[in-house]
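The chains referred to below are lettered A, B, ... by the order of the sequence lines, with proteins before strands, and numbering in each begins at 1.
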2 protein chains.
Amino acid sequence: MTRVKKIILEEKDMPTRWYNIVGDMPNKPLPPIHPGTKKPMTKEELSVIFAEELINQELSQESYIDIPEEVQDLYKIWRPTPLVRAYNLEKALDTPAKIYFKNESVSPAGSHKPNTAIPQVYYNYKQGIKHLTTETGGGQWGSALSFVCKHFNIDLKVFMVKVSYYQKPYRKIMMNTWGADVIPSPSTLTSAGRAALEKDPDCSGSLGLAISEAVELAVQNPETTKYTLGSVLNHVAIHQTVIGEEALTQMEIAGDMPDIVIGCFGGGSNFAGLGFPFLRKNLKEGKNIRILAVEPQSCPKLTRGKFHYDFGDSAGLTPLIPMYTLGHSFQPSDIHAGGLRYHGAGAVVSQLLKDGLIEAHSIPQLETFEAGMLFANTECIIPAPESTHAIAMAIREAKKAKEEGKSKTILFNLSGHGLVDLYAYEQYFAGNLQNYDISDAMINESLSELDKL
Amino acid sequence: MTRVKKIILEEKDMPTRWYNIVGDMPNKPLPPIHPGTKKPMTKEELSVIFAEELINQELSQESYIDIPEEVQDLYKIWRPTPLVRAYNLEKALDTPAKIYFKNESVSPAGSHKPNTAIPQVYYNYKQGIKHLTTETGGGQWGSALSFVCKHFNIDLKVFMVKVSYYQKPYRKIMMNTWGADVIPSPSTLTSAGRAALEKDPDCSGSLGLAISEAVELAVQNPETTKYTLGSVLNHVAIHQTVIGEEALTQMEIAGDMPDIVIGCFGGGSNFAGLGFPFLRKNLKEGKNIRILAVEPQSCPKLTRGKFHYDFGDSAGLTPLIPMYTLGHSFQPSDIHAGGLRYHGAGAVVSQLLKDGLIEAHSIPQLETFEAGMLFANTECIIPAPESTHAIAMAIREAKKAKEEGKSKTILFNLSGHGLVDLYAYEQYFAGNLQNYDISDAMINESLSELDKL
């Protein structure tokens, strides 16, 4: 027998419940509040933009939520996903550390995003919704939502951050193939978009601004149209826990348990998805697993932002959310990890970070691409620019293990592959990529707006 | 329990032997012959361009060949692959047929090609070879060979058919990411390329011509440099049988057995890989499974070609191979299924077709893209343009089953995904794709050259 490379589950071993960490948190997250009344948002208020069942999950304090059979059936298009031992990466690093990764790149859209796209569209469909709007950064969320909307015959409009729209033309075609309408943001379709273009006609857009546009369109027809969000919110994190629940089972089969769990961090969905079921072991079983969120050095809300109520979007259309934030007007640099270009973090992750239950780190762009290249050339999968942040952190920890002469078990989330992001690698080869130094003054400027809220 | 969508094997269930159908063929394939002496090629002659162990396999009459442990280890990067029940496609077609597909798109390169890239590079590496050359059409073979060459630290030059080189810029970047040097063919690096450019400076290239260039470069330094081929030859088909061997086990687990097995057809590797282990059931157990090869209507060597000795390349540098061929100077139309733009078929497949043991069909380009869209919008995976030929055939058979009111079990090979071929879909949406009528006169012209051999 040759050595085991992947721990593979059968469909019957897939989780039938999502995990909601709110049920086990020592300090519950603060509620979203209404920007006008400053009171906690009611279900009725939230239902203008979100499907009801998603709001129930958003506000739930139950530790487990059943996964509907229809959703389980659709998960089976690609789930369960493999847990892979990165033997070749370990060898290249000459490290005593054991490195595992959960391969979420095997979905039709090439990332973890369908894990929440499926239930989100499903619940909207059950409620009779005919149209959905959303934003997308790197395009992974938009792609995922597109194929699910096609399945449920729901019309979809995707506002794609303009810099990514032009960097990743094939992402657009991918969404078109699944029937979605893709609009570069800022656009002239919404007042939020028009305002941004008036201020700066060359505005490259941001996730925050694209969210404003998508929300604005949804609230105009709340009976038939809802908005969907691919990250940040707790119901998204809940859906993504299928990743970590599978990984827990797989680590047990491998006869191993991670000392360190790593996810890249944009709004928090793939990080939470892998990390929260392991964090449960800390909270409930007294384990001491380090849970690491890794953000771009150029968009450092977790490492240099402020814990404060802030809008989820640029234009101030969403509820106020308690979050680590750089301020909702923070304009991220044009890094290729489009999915990580977001000013804030979700309420749950933010509370956990404040309470010292998770760690945050930031990594500069060039180090992430070097890590991505090493991964592609050892484990043979070309990773998404977002996922290279998790890989880079795993490499840092594996090198530290070598320096310290300690064996450690490291698990990271390969949130997506880079086959539709090859433009980024082309730019890297051409020497066109750079790191971005974000000054304190720049951060303080966008943070100063928080005083007005 | 929800219904089973995928039959998933564990690594321990992977085949440890490849299948060589030559051992079971009633009429053995004719040998390759030397174009000068007209005598069967000797091992010594073949060893100028191929590694020795690959020649042994090429000429072997043994029914089974052990898979080296190192190769098994590398297969585990993505194998075993899922066998998937296409419930949603069945529903869309309202057919009584059961449709399964073997999902070979889950490899790092996105296709079945790594199944043979790994052993080919491995045997060359064991022999001390430092440089490899090859051709690629759609880019799937070149991509696969690139990541394996990187693993074994072997230098690789890929001649990429020029029309594909420009249609699929990201394929090139993908190969570059894995360290390969990619050259559009025809090039000025070889006399074959220069001759083609002299005849037609706008020549869009063909697999046959790219092979000429790659072979020419290899024979100049036979001690250190060898040539590798991604299809056509029997050792390639042998390696690809891991697909069918896994699928056989999976169909047994599903409690089902196909009436029809379908593969798209360029040189024959993914077709043989899935089909031959099922054909064994016909030859050895008296079963009557229909094995269908599906080629583009615009490159119809199986359905309209001639069984004759011919060169494997355009310039006439390879041995003469007994094949169904359109003549080695046949210039295929610029269809997007780049991997199917080849004038001939392998010796084994050709003999099997001649003996009526397999069937051949051809399908026009627009029907294949319609099939690809239906598949993307039901099973959610965007297929490679090559693979859409198999899907289109499966759809034809499923519709026929409906007309006849008969339940049938259909299995096809999803040889690759289309995420690096989205340009083709863009052109399809824009209405820029067409069918190509190939006249008898055109075929007869290129066939007439066979009389001179």
Side-chain angles (χ1 to χ4, degrees), chain A residues 1-12 14 16 69-70 72-80 82 84 87-88 103 106-110 114 147-148 150-151 169-174 176-179 372-373 376-382 417-423 425-426 428-429, chain B residues 1-12 14 16 69-70 72-80 82 84 87-88 103 106-110 114 147-148 150-151 169-174 176-179 372-373 376-382 417-423 425-426 428-429:
Chain A
M1 263 292 286
T2 56
R3 67 188 178 186
V4 174
K5 171 84 177 160
K6 299 185 305 305
I7 307 292
I8 300 174
L9 300 177
E10 289 185 58
E11 290 182 350
K12 66 177 173 53
M14 285 169 61
T16 57
E69 288 212 351
E70 295 90 329
Q72 291 185 46
D73 263 343
L74 287 170
Y75 276 169
K76 290 179 183 174
I77 291 169
W78 77 101
R79 303 205 72 85
V84 189
Y87 289 116
N88 294 327
N103 187 359
V106 297
S107 80
F147 87 75
V148 187
K150 173 55 86 170
H151 178 84
Y170 288 174
R171 276 283 172 198
K172 172 185 170 292
I173 304 169
M174 201 170 161
N176 292 156
T177 305
W178 285 317
M373 284 296 293
N377 287 328
T378 50
E379 295 300 319
C380 305
I381 303 170
I382 300 177
H417 66 62
L419 296 186
V420 198
D421 306 305
L422 289 166
Y423 172 79
Y425 284 87
E426 187 179 33
Y428 174 70
F429 297 145
Chain B
M1 262 295 287
T2 56
R3 66 189 179 186
V4 174
K5 170 87 178 159
K6 301 185 304 303
I7 307 291
I8 301 174
L9 301 177
E10 290 185 58
E11 290 182 351
K12 67 178 173 51
M14 285 170 61
T16 56
E69 288 212 351
E70 294 89 332
Q72 291 186 47
D73 262 343
L74 286 171
Y75 276 169
K76 290 180 183 173
I77 292 169
W78 76 100
R79 300 205 74 84
V84 189
Y87 289 116
N88 294 327
N103 187 358
V106 297
S107 80
F147 88 73
V148 187
K150 173 55 85 169
H151 178 84
Y170 289 173
R171 276 283 173 199
K172 172 185 168 291
I173 304 171
M174 201 169 160
N176 292 156
T177 304
W178 285 316
M373 284 298 290
N377 288 328
T378 51
E379 295 300 320
C380 304
I381 301 169
I382 300 176
H417 67 62
L419 296 187
V420 198
D421 306 304
L422 288 165
Y423 173 81
Y425 284 87
E426 186 178 34
Y428 174 70
F429 297 144

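Within the 4.5 angstrom heavy-atom criterion, no atom of Ile7(A) approaches chain B. Contact annotation for Phe429(A): only side-chain heavy atoms (C-beta onward) come within less than 4.5 Å of a heavy atom of chain B.
With Val4(B) as reference, Glu11(A) is the one residue of Lys12(A), Glu10(A), Glu11(A) to meet the side chain to side chain contact (heavy atoms under 4.5 Å, CB included) rule.
Comparing Thr177(B), Ile77(B), Asn88(B) by how many heavy-atom pairs each has under 4.5 Å with chain A, the most go to Thr177(B). Here Tyr423(B) is the residue among Tyr423(B), Tyr428(B), Phe147(B) with the most heavy-atom pairs under 4.5 Å with chain A. By number of non-hydrogen pairs under 4.5 angstrom with chain A, the leading residue of Pro169(B), Cys380(B), Pro80(B) is Cys380(B). Between chain B and the options Glu70(A), Met174(A), His417(A), Met14(A), heavy-atom pairs under 4.5 Å are most frequent for Met174(A). When the candidates Val420(B), Asp73(B), Val106(B) are compared by the number of heavy-atom contacts under 4.5 Å with chain A, Asp73(B) comes out ahead. Taking Thr378(B), Asn377(B), Leu419(B) one by one and counting their heavy-atom pairs under 4.5 Å with chain A, the maximum is reached by Asn377(B).
Here the side chain of Trp178(A) pairs a donor or acceptor atom with the backbone of Ala376(B) at under 3.5 angstrom. Formation of a donor-acceptor pair under 3.5 Å by the Lys6(A) side chain with backbone atoms of Lys76(B) is found in this model.
Here CD1 of Ile381(A) is found 10.5 Å from CH2 of Trp78(B). Values are rounded to the nearest 0.5 Å.
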Are Glu379(B) and Lys5(B) close enough, and set up right, to give a salt bridge (charged side-chain N to carboxylate O under 4.0 Å, His left out), and what steps lead you there?
-> CA-CA 11 Å; Glu379(B) 295 300 320; Lys5(B) 170 87 178 159; 2.5 Å; yes
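Residues Arg171(A) and Asp421(A) meet the side-chain proximity criterion, which asks for heavy atoms closer than 4.5 Å.
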